[in-house]
Amino acid sequence: MDKNEKVNELARRRGFLWPAFELYGGAAGFYDYGPLGAPLKRRIEDIWRQYFVIAEGFAEIEAPTIGVEGIYQASGHLAGFSDPLTGCKECKEVYRADHLIKHIIEVPDALKNEEIYKCIQENEIGCPECGGELSQVYEFNLMFKTMIGPGNKMTGYLRPETAQGMFINFPRLLRYFRDSLPFAAVQIGKSFRNEISPRQGVIRLREFTQAEAEIFIDPRDKTHPRFAEVKDIKMKFYSRQAQEKGEEEEMTFGEAVEKGLVAHQTLAYYVARTYQFLLAVGVAPDKLRFRQHKSDEMAHYAADCWDAEVFLDRMGWIEIVGVADRTDYDLKAHASVSKVDLSVFVHYDQPVKRQKLVVKPDFKKLGPRFKSKAKAVGEALKALSAEELKGGSGTKDDKIKVVVDGETIEIEKDLFSFESVEEEVRGIEIVPHVIEPSFGIDRILYTVLDHSYYEDVADGEIRAVLRFKPAVAPIEVAVLPLMDRKELVGPARKIQEQLRCRGMRVDFDISGSIGRRYRRCDEAGTPYEVTVDYETLELGTVTIRDRDSMSQVKVPEWQVADKLQALLNASIKFHEAGDLVAAVKKE
RNA sequence: GCGUCGAUAGUGUAGCGGUUAUCACUAGGCGUUGCCAACGCCUAAACUCGGGUUCGAAUCCCGAUCGACGCACCA
């Protein structure tokens, strides 16, 4: 059994991850989070909130998981999130239809399915495998489609990403943030993609959890005011150039920006925060790197994109986070489809004085001459530039040409006047750029399981342990009476109650020998175990066991809650918690 | 979607046309037990689903579902 299998088996057995709908035969690409998995996930999300909501002052919102058609028209998911497929009638192999005609048509993406099929037929393209005849080209869209209300009147789609929820709330968010940049909104929630072939457990799901932040910034200044906080952090950068060499480069974020590896400070800042977050939830630093998208794999609108990748045995490097500069693509797309202006008015520090040409059409003359068109002619004149107005040889007969409703009209210069006036410009309309850190929570959770899993040998037996950070552990403390006896169980229950009052996640276990219970705790990743023994009754002390070292300390019962709290938030080290107990050997 | 292989208690398994479906671990109960999967007794628990062949199917055949791997797809 390799590590991946062991981790999956443990996750299933102990209640982290269960294949969904098992009772009815299951469905690929769906998982249940069990009694340990759900809190683990929740705690990872809470740490994410700590980093990307609280620390940054971002706003968390919650949008519907079903979206109306317009959203995905604008986002490009309707057209771009589907692939034209064709299959061989002989050997049943399936191909991307547009890929087969790449060498004939420059931009096969632009063709409709029928056109692609026509092209395949005309060029007598057969199955690349066996030469067999290819089927009709059909569309496979990765979005789940549904209908809103009865009678097919309105089409809805399950969202393929949470990001759009932030984009389409841009005007409201802008107001909320008092009309000024930068600001950001985040969302943690389910997204849905009807994957052709979900694989690798929780790595590619049809329903999955994303945590995304859309950070709206002024495109003219991509420095970050808090960059100094992260600039000395060292990390493994796997840049475009480094990928050619096949070797990551370790450097500080400061250096990475200076060398132009990362496009700008703001992107680098959020890559750094992403890095810190991943370490905080328990991703192993030596199995983590940030890989830059190559120019050809980046979305055409993105300026720069860095993926956090983790190493998982058997699967290799897996993407778990993407941090991209999406520029103004999304806002412009939504502005154009929805016909709502999605720009921000940015005030200058100082109003700028500027010469401006003011055109004054002489409506007394234009009116009788152009009748109902007069207004349009006037507007057309106002829209002209100084050069155009001054155009011609300057003689009195010179005429200016304007186009009104597709009709070219010549206008004598005495029908209008213009003058240059000084005006104060107080700011400009800007479509913000968007920095998007996008996290795959399920993948991160799986990574935490994988990177936390380790085995050692205790008393000749293999001991499987999940070395969760206390901050993510689904159970923080287990209270264990040394034996199942009334005089021990009673005080132990009291300690459990006391710890729960402190808000700790406490488990209580009296089943089986103490050793067996320790093993169960190890597999659940519970960092500390409190044992109640006869010394508790005689001397008022309890034992705290450390999951990772298996060593134990004695502490007075009245201190145990404080000590555990301090251990859990890492303000003291284990050996500082109490008197170390010499290892007791079994006979 | 395609191909190869697989699917038996919670987990790992035995089974090869007729068994009360094997064993271990696990889990629950009782007893015992002074700190790392101890011991004894008891208990619970499975042939993925649907068809077919056969007197008889966990076993052979077909299909579906799920899983692993490869291809393709996806980020």
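Worth knowing before you read on, the calculation uses all heavy atoms, side chains too, and leaves out hydrogens, waters and symmetry mates. So you know, we letter chains A, B, ... as the sequences are listed, proteins then strands, and number each from 1.
Between A/Tyr33 and A/Trp18, the distance separating the two ring centers is not shorter than 6.0 angstrom.
A/Ile514 comes within contact range of the sugar-phosphate backbone alone, with a heavy-atom separation under 4.0 Å but no base atom that close. Using a 4.0 Å heavy-atom cutoff across all strands shown, A/Gln200 reaches sugar-phosphate atoms only and no base atom. Note on A/Arg204: a base of the nucleic acid sits closer than 4.0 angstrom, heavy atoms only. Note on A/Gly201: only backbone sugar-phosphate atoms sit closer than 4.0 angstrom, heavy atoms only; bases stay farther off.
Remark: A/Glu9 engages A/Arg13 in a salt bridge, criterion side-chain N to carboxylate O under 4.0 Å. Ionic pairing of A/Glu557 and A/Lys494 is not present here: no N-O contact between side-chain nitrogen and carboxylate oxygen is shorter than 4.0 angstrom. A/Arg206 and A/Glu195 are not joined by a salt bridge, as no carboxylate oxygen comes within less than 4.0 angstrom of a charged side-chain nitrogen. A/Arg289 and A/Asp307 are not joined by a salt bridge, as no carboxylate oxygen comes within less than 4.0 angstrom of a charged side-chain nitrogen. Ion pairing between a basic and an acidic side chain is recognised when a charged N comes within 4.0 Å of a carboxylate O; A/Lys554 and A/Asp579 show no such pairing.
Comparing B/C74, B/G34, B/C36 against the side chain of A/Glu195 picks out B/C74 as the nearest. Side-chain atoms of A/Lys554 lie closest to B/C35 of the nucleotides B/G34, B/C35, B/A37. Candidate nucleotides B/U33, B/A38, B/G67 were compared by shortest atom distance to the side chain of A/Arg485, and B/U33 ranks first. Picking from B/A75, B/A38, B/G34 the nucleotide with the shortest atom distance to the side chain of A/Glu319 gives B/A75. Listed candidates were B/C36, B/A37, B/C35. Nearest to the side chain of A/Thr531 is B/C35.
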Original post:
Would you write out the dot-bracket form of RNA chain B, 5' to 3', with Watson-Crick and G-U pairs under 3.5 Å, [ ] for crossing pairs, | for pairs to other strands and . for unpaired bases?
Top reply: (((((((..(((.....[....))).(((((.......)))))....(((((..]....))))))))))))....
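Exactly one residue among A/Arg467, A/Arg463, A/Arg516, A/Arg14 makes a salt bridge (charged side-chain N to carboxylate O under 4.0 Å, His left out) with A/Asp522. That residue is A/Arg463.
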Original post:
How far apart are the C-alpha atoms of A/Glu161 and A/Ser191, what are their side-chain angles, what is the distance that settles it, and do they pass the side-chain hydrogen bond (donor to acceptor under 3.5 Å, both in side chains) test?
Top reply: CA-CA 5 Å; A/Glu161 59 173 15; A/Ser191 293; over 6 Å; no
Original post:
Going through the distances and angles, do A/Lys41 and A/Glu45 end up as a salt bridge (Lys or Arg N to Asp or Glu O under 4.0 Å)?
Top reply: CA-CA 6 Å; A/Lys41 178 163 176 268; A/Glu45 290 169 0; 3.3 Å; yes
**OP:** Take A/Gln243 and A/Arg291 through the side-chain hydrogen bond (donor to acceptor under 3.5 Å, both in side chains) test and state the conclusion after the steps.
**Re:** CA-CA 8 Å; A/Gln243 285 168 57; A/Arg291 191 179 68 84; 3.2 Å; yes
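The interatomic distance linking A/Tyr518 (OH) with B/G34 (P) rounds to 14 Å, in whole Å. Atom CE in A/Met483 sits about 15 Å away from atom C1' in B/C39, given to the nearest Å. Taking atom CG of A/Asp442 as the reference point, atom P of B/A75 lies 17 Å away to the nearest angstrom.
Distances shown here put a side-chain N or O of A/Ser511 below 4.0 Å from the OP1 or OP2 atom of B/G28. Between A/Ser513 and B/A38 there is a side-chain polar atom (N or O) within less than 4.0 angstrom of OP1 or OP2. The side chain of A/Arg516 places an N or O atom within less than 4.0 Å of a non-bridging phosphate oxygen (OP1 or OP2) of B/U26.
Nucleotides B/U8 and B/A58, compared at atom P, are 15 Å apart to the nearest Å. Across B/C71 and B/A44, the matching C1' atoms stand 45 Å from one another, rounded to whole Å. Nucleotides B/C39 and B/C25 place their P atoms 8 Å apart, quoted to the nearest Å. Using C1' as the reference atom, B/G34 and B/U20 are 44 Å apart when rounded to the nearest Å. Distance check on atom C1': B/A14 versus B/A46 gives 13 Å, rounded to whole Å. Nucleotides B/G63 and B/U4, compared at atom P, are 11 Å apart to the nearest Å. Rounded to the nearest Å, the gap between the P atom of B/G12 and that of B/G17 is 26 Å. Look at the C1' atom in both B/C23 and B/G18: the space between them is 22 Å, to the nearest Å.
Remark on RNA chain B: of its neighbouring residues A/Pro198 and A/Asp509, the 5'-side contact belongs to A/Asp509, judged by nearest-heavy-atom nucleotide. Ranked by how close their nearest RNA chain B nucleotide is to the 5' end, A/Arg14 and A/Asn4 are led by A/Arg14.
Of the residues in residues 539-548 of chain A, those with a non-hydrogen atom less than 4.0 angstrom from any atom of RNA chain B are A/Thr543, A/Arg545.
Residue A/Met483 holds its CE atom at 5.5 Å from CG of A/Leu488, rounded to the nearest 0.5 Å. To the nearest 0.5 Å, atom CZ of residue A/Phe574 and atom CZ of residue A/Arg545 are 9.0 Å apart.
Counting all heavy atoms, side chain and backbone alike, A/Phe167 lies closest to A/Leu331 at O-CD2, 4.2 Å.
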Report, one pair per line, the protein and nucleotides 6-11 of chain B atoms (nitrogen or oxygen only) whose separation is under 3.5 Å.
unit_1: B/U11; atom_1: O2'; unit_2: A/Glu9; atom_2: OE2; d: 2.9

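Using cut-offs of 30° and 60° on the angle between ring planes, the pair A/Tyr72 and A/Tyr157 is perpendicular.
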